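First up is the structure itself, then whatever we jot down about it.
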Amino acid sequence: MIEIPSKYDPATTEDKWYAYWMQHKLFKSVPDNREPFTIVIPPPNVTGVLHMGHMLNNTIQDLLVRRARMQGKNALWVPGTDHASIATEAKVVQKLRAEGIKKSDLSREAFLEHAWEWTNKHGGIILEQLKKLGASCDWDRTRFTMDEKYYESVIDSFIDLFQKGKIYRGERMINWDPAAQTALSDEEVIHKDVASKLYFVKYKIKDSDEFVIIATTRPETILGDTAICVNPKDDRYKHLHGKTVIVPLVNREVPVIADDYVEMEFGTGCLKVTPAHDMNDFMLGEKHKLKVINMMNDNGTISEAGELYIGMDRFDVRKKIVEDLSAAGHLSKTEEHLNKVGFSERSDAVVEPRLSLQWFVDMKDLSKPALEHVMNDDIRFFPPKFKNSYRNWMENIKDWCISRQLWWGHRIPAWYGPDGAFAVAKTKEEAIAIFKKDNKGFRDEQIVQDPDVLDTWFSSWLWPISVFDGFYTKEEVDYYYPTNDLVTAPEIMFFWVARMIVAGYEYRNELPFRNVYYTGIVRDKQGRKMSKSLGNSPDPIELMKIYGADGVRVGMLLSSPAGNDLLFDESLCEQGRNFANKIWNAFRLVKSWEEKIDTSIAQPDSSKIAIEWMNSKFNSVLTDLNDDYDKFRISEALMSTYKLVWDDFCAWYLEMVKPPFGSGIDKTTYEETVKIFENILKVLHPFMPFISEEIWHFVREREAGTGSICIATWPSVAKIDQQILNQFNDFSEIVIGVRNIRKENNIPNKEKLLLQVKRTTNTDTLFDAAISHLCNLNSIEFVSEKPANSFSFMIKSDEFFIPFTANVDVAAEKSKLEEELKYTEGFLKAVEGKLSNERFVNNAPVQVLDVERKKLADAVSKIKILEEKLSSLN
RNA sequence: GGGAGCUUAGCUCAGCUGGUUCAGAGCAUCUGCCUUACAAGCAGAGGGUCACAGGUUCGAACCCUGUAGCUCCCACCA
């Protein structure tokens, strides 16, 4: 026999099998006549590295696609990466800064060269890491959102939507990130509670000695005030309507307007209006035709229009202006105040609401089918509770600001003439042609392309279509689209999921995926989000080195129901590793029998029944397993599999068929055991691809490539013999009963025992052989009367006895029986009470009544037996 | 401010149609074992006012109402 170590070593197997899978192109998919099963990866940032969230997310995708592959579907998992416009650009800017290069010193072309260099250097690292966890992607199809074809599809969709009137250019209030110096969409703004101050500022009323006091959290915006506003119903200020006030420090004269937008209860009930720097003030400004003073530069410093503090940073000005207001006697008081401040998701800079000329997608009509098909479950969400927030968002959807003042990304295909006119077209030539039609004969050098790029999500919303070149070729996209499952985080439901659904209906008139599985957030043991700055995020690659990829996969999936956060603890991986080792040792045992096959040995009855039972058990678990998969109950599917292997197969089955020390094994039992083991390996494979493949090749010779477990057939549910399953339950209780007697009385396992049985039920006698085998019995004797002086226990109404051995504590035995008697009497009383309740008897269904009556009868007979036993002990 | 969800063993969570299998699982803990696959193991054991208070029902962890605590999402009170 070849020497097999007692500890499973993942390091020696994982790379070997991954290379094997790649070599035999087992993850490759081309359209054929099979049913397709498609998953597109949520593309990680091109320069990202694998973190625990990826580990969880991609393990689930791999699990789903591996099972589908085994089910004979044409399974395809498309990998790829996202250019992540703002995030990547920020990294490149940072890297250049470290080298002493400022972005503003570079030409667009030179900067993009650096960006591509960075992308090529770091891009794809994460894809290599995914291979370590066993991801069964079709790597030949790896896509990048800035691939040539993909780029083109993004541009074409922009042009298409523009031509349909769904994209427009307009001056709107947008969220401005002064650090990255770009516009942001509403979704890219994170609102956080910030302890700040509420400043009460005195504004002098013109031609009067009176002052009006206004509360503000942002005193620096005084520089942009063009009105003050009160509620028309507010008696305190009625006399001010139509008056003029003087803005402190800048001494600008501005009107007092009245609008019921103003809350009378907040602050002083008087609001200063800065239309250029606040969403609501902008709204008020439009309504009341106010002047707009844009007092801030792109980088958050004060502009010329601000008149004072020009060039100073907005936060420095806030401090300074408070001092100056105070010195000038304009500050009445200061209060502590908790308010919500918007931060940029990427740069964490405080976002400035700002009036700006940007490109928008009109979402009103586009969102309609996307809402409808989620609400009616054409697209199913797991867990379904997310439908609520989805609906909430969709019903209140706002137009989507898609232009970004960045260089890294898909450049907006709009061209401007010298007079400000623009044309949307793929190329400059086409733009010139469009201008010409409008009787604008611009020359080539007069026309410039829009310098801005598109929001990253404006490209990734096409992902399920564009990875198949769906904008240009029909064949592939028609076959693979719609995809089946999308596995992603709820955090990007609005950024990405919702918009993919929108794009799906807009461009394919069909859903992009049938099921969306939302994973939770991976947190540490204390429930904190894992982050680089906290240093509480383990490196998945390191974990896999310690526990094996299979171990970490199992660890991640053990406790992660859909939509629930995962409180990660390394002990979960340890459990995964231990499980792998358990499987490994089961394999070692079975393997050791290969050389012990003895054709002269007849198959023992205990093995016969073990095989019958194990097959039924397997099929019963398989039924549950399939159901769990269908409902995306991943951790439950894993737990069923775990118990199938550990409890049913290892603890019971293998013990039942294990030949006595030194004996051989009959051929049938060996062969059946291998078959069962193979089935178990198959259901293990999606969870633990490496160890299952390793053992798969050890238990039987396989053809190279086609013999891989990756493409072995997922077992179909066969016969489940419910009677055997029930009988097994009794059987296992008998075995446990005997073990308990041994243990409690210190009877060594080696000592053979006599088991006497007083039986009223019919049990397959094959199980008796198994009892003998497992309990190390001399024999089983059937008795009609209870023998004296014996240990005993009961299973249902059957009684089991083992004659007293030398040193027996009769008193202890007696008190045990008394305790059981007491319990049973109490139980009887409860059941009697139930059955004597007329209303229960009249209302409860027959089945429930029958059960209660049976309980009653069983309890009565059990009490009788216990009483008899007690008296016999005297 | 609006919406959603959660509260079951020390921890993480199941409990799907109110009733058989309803109080469960895994881990952890405790006890005993280096038994001829596995100490990364084996054999056992303990552990609960199902957040709280009412209600509906013959019957509630489950349905209803209220209370408390926690979480998430959305939203422009300066």
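All chains are named by letter (A, B, ...) in the order of the sequence lines, taking the proteins before the strands, and each is independently numbered beginning at 1. From a predicted model like this one, the values you see are computed outputs, not experimental measurements.
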[N] and [M]: how far apart are their [atom1] atoms, nearest whole angstrom?
N	M	atom1	answer
B/rU49	B/rA61	P	14 Å
B/rC70	B/rA51	C1'	11 Å
B/rU57	B/rC73	P	41 Å
B/rG19	B/rG1	C1'	44 Å
B/rG15	B/rU21	C1'	12 Å
B/rG55	B/rG10	C1'	34 Å
B/rA43	B/rU7	P	33 Å
B/rC34	B/rC16	C1'	45 Å

To the nearest 0.5 Å, what is the distance between [atom1] ([X]) and [atom2] ([Y])?
X	Y	atom1	atom2	answer
A/Thr216	A/Ile222	OG1	CD1	6.5 Å
A/Leu625	A/Met639	CG	CE	12.5 Å
A/Lys617	A/Leu644	NZ	CG	8.0 Å

Rounded distance in Å - [atom1] ([X]) to [atom2] ([N]):
X	N	atom1	atom2	result
A/Leu338	B/rC77	CG	C1'	13 Å
A/Glu395	B/rA75	CD	C1'	15 Å
A/Asn749	B/rG32	CG	C1'	11 Å
A/Asn231	B/rA78	CG	C1'	14 Å
A/Asp259	B/rC77	CG	P	17 Å
A/Lys192	B/rC76	NZ	P	17 Å
A/Leu558	B/rA25	CG	C1'	12 Å
A/Met173	B/rC76	CE	P	12 Å

What's the closest nucleotide to the [X] side chain, out of [options]?
X	options	value
A/Arg633	B/rG26, B/rG15, B/rA37	B/rG15
A/Phe494	B/rC76, B/rA78, B/rC74	B/rC74
A/Glu636	B/rA25, B/rA14, B/rA40	B/rA14
A/Leu567	B/rC74, B/rU12, B/rA14	B/rU12
A/Tyr642	B/rC27, B/rA78, B/rU35	B/rC27

Query raised in the report: Any idea how A/Phe381 and A/Tyr390 line up, ring-wise: parallel (<30°), tilted (30 to 60°), or perpendicular (>60°)?
Result: perpendicular

Report task. Could you pull out all residues at least two apart from A/Thr641 that satisfy side chain to side chain donor-acceptor pair (under 3.5 Å)? Result -> none

Report task. With sequence neighbours left out, write down each residue that passes side chain to side chain donor-acceptor pair (under 3.5 Å) with A/Trp496, or none if nothing qualifies. Result -> none

Requested in this report: Between A/Phe579 and A/Met493, just flag the one whose closest nucleotide in RNA chain B comes earlier from the 5' side.
Outcome: A/Phe579

Query - First of A/Val189 and A/Glu655 reached from the 5' end of RNA chain B, by closest nucleotide - result: A/Glu655

Report task. Do nucleotides 1-8 of chain B as a string where each nucleotide becomes B, S or -: B if the base has a protein heavy atom under 4.0 Å, S if just the sugar-phosphate does, - if no protein is that close. Result -> --SSS---

**Report entry** Base B/rC77 paired with A/Tyr261 side chain (donor-acceptor, <3.5 Å)
**Finding:** no

Report task. Output all residues satisfying side-chain contact (heavy atoms from CB on, under 4.5 Å) with A/Pro10, sequence neighbours left out; order by chain, then residue number. Result -> A/Tyr8, A/Glu14

Would you indicate, yes or no, if [N] has its OP1 or OP2 atom less than 4.0 angstrom from a side-chain nitrogen or oxygen of [X]?
X	N	value
A/Asn581	B/rG41	no
A/Arg742	B/rU35	no
A/Lys750	B/rU35	no

Could I get the full list of ring pair (Phe, Tyr, Trp, His ring centres under 6.0 Å) partners for [X], not counting sequence neighbours?
X	value
A/Phe649	A/Tyr653, A/Phe677
A/Phe386	A/Tyr518
A/Tyr642	A/Phe579, A/Trp646

When all nucleic acid strands are considered with a 4.0 Å heavy-atom cut-off, which category describes [X]: base, sugar-phosphate, or nothing?
X	result
A/Cys650	base
A/Met639	sugar-phosphate
A/Glu187	nothing
A/Gln575	sugar-phosphate
A/Trp593	nothing

Report task. Using salt bridge (charged side-chain N to carboxylate O under 4.0 Å, His left out) as the criterion, list what pairs up with A/Asp260, not counting sequence neighbours. Result -> none

Under 3.5 Å, side-chain donor or acceptor atoms of residues 188-199 of chain A against the rest of the protein: list the pairs with distances, not counting sequence neighbours.
residue: A/Glu188; atom: OE1; partner: A/Ser185; partner atom: N; Å: 2.8
residue: A/Glu188; atom: OE1; partner: A/Ser185; partner atom: OG; Å: 3.1
residue: A/Glu188; atom: OE1; partner: A/Arg404; partner atom: NE; Å: 3.3
residue: A/Glu188; atom: OE1; partner: A/Arg404; partner atom: NH2; Å: 2.6
residue: A/Lys192; atom: NZ; partner: A/Asp348; partner atom: OD1; Å: 3.2
residue: A/Ser196; atom: OG; partner: A/His337; partner atom: O; Å: 3.2
residue: A/Ser196; atom: OG; partner: A/Asn339; partner atom: OD1; Å: 2.7

Query raised in the report: Salt bridge check: are A/Glu220 and A/Arg218 linked by an N-O gap of less than 4.0 Å?
Result: yes

Report task. For the pair A/Lys287 and A/Asp259, find out whether any cationic side-chain nitrogen is under 4.0 Å from an anionic carboxylate oxygen. Result -> yes

**Report entry** Contiguous pairing runs of three or more, Watson-Crick or G-U under 3.5 Å, that involve RNA chain B
**Finding:** B:1-7 with B:68-74, B:10-13 with B:24-27, B:29-33 with B:41-45, B:51-55 with B:63-67

Anything under 3.5 Å between a protein N or O and an N or O of nucleotides 54-60 of chain B, put it in a table, one pair a line.
residue: B/rC58; atom: O2'; partner: A/Asn837; partner atom: ND2; Å: 3.0

Check: protein-nucleotides 43-45 of chain B nitrogen or oxygen pairs below 3.5 Å:
residue: B/rA43; atom: N3; partner: A/Lys743; partner atom: NZ; Å: 3.0
residue: B/rG44; atom: OP1; partner: A/Arg739; partner atom: NH1; Å: 3.4

Report task. Starting from the C-alpha separation in whole Å, work towards a yes-or-no answer on salt bridge (Lys or Arg N to Asp or Glu O under 4.0 Å) for A/Lys529 and A/Glu491. Result -> CA-CA 13 Å; A/Lys529 208 165 167 172; A/Glu491 303 162 296; 3.2 Å; yes

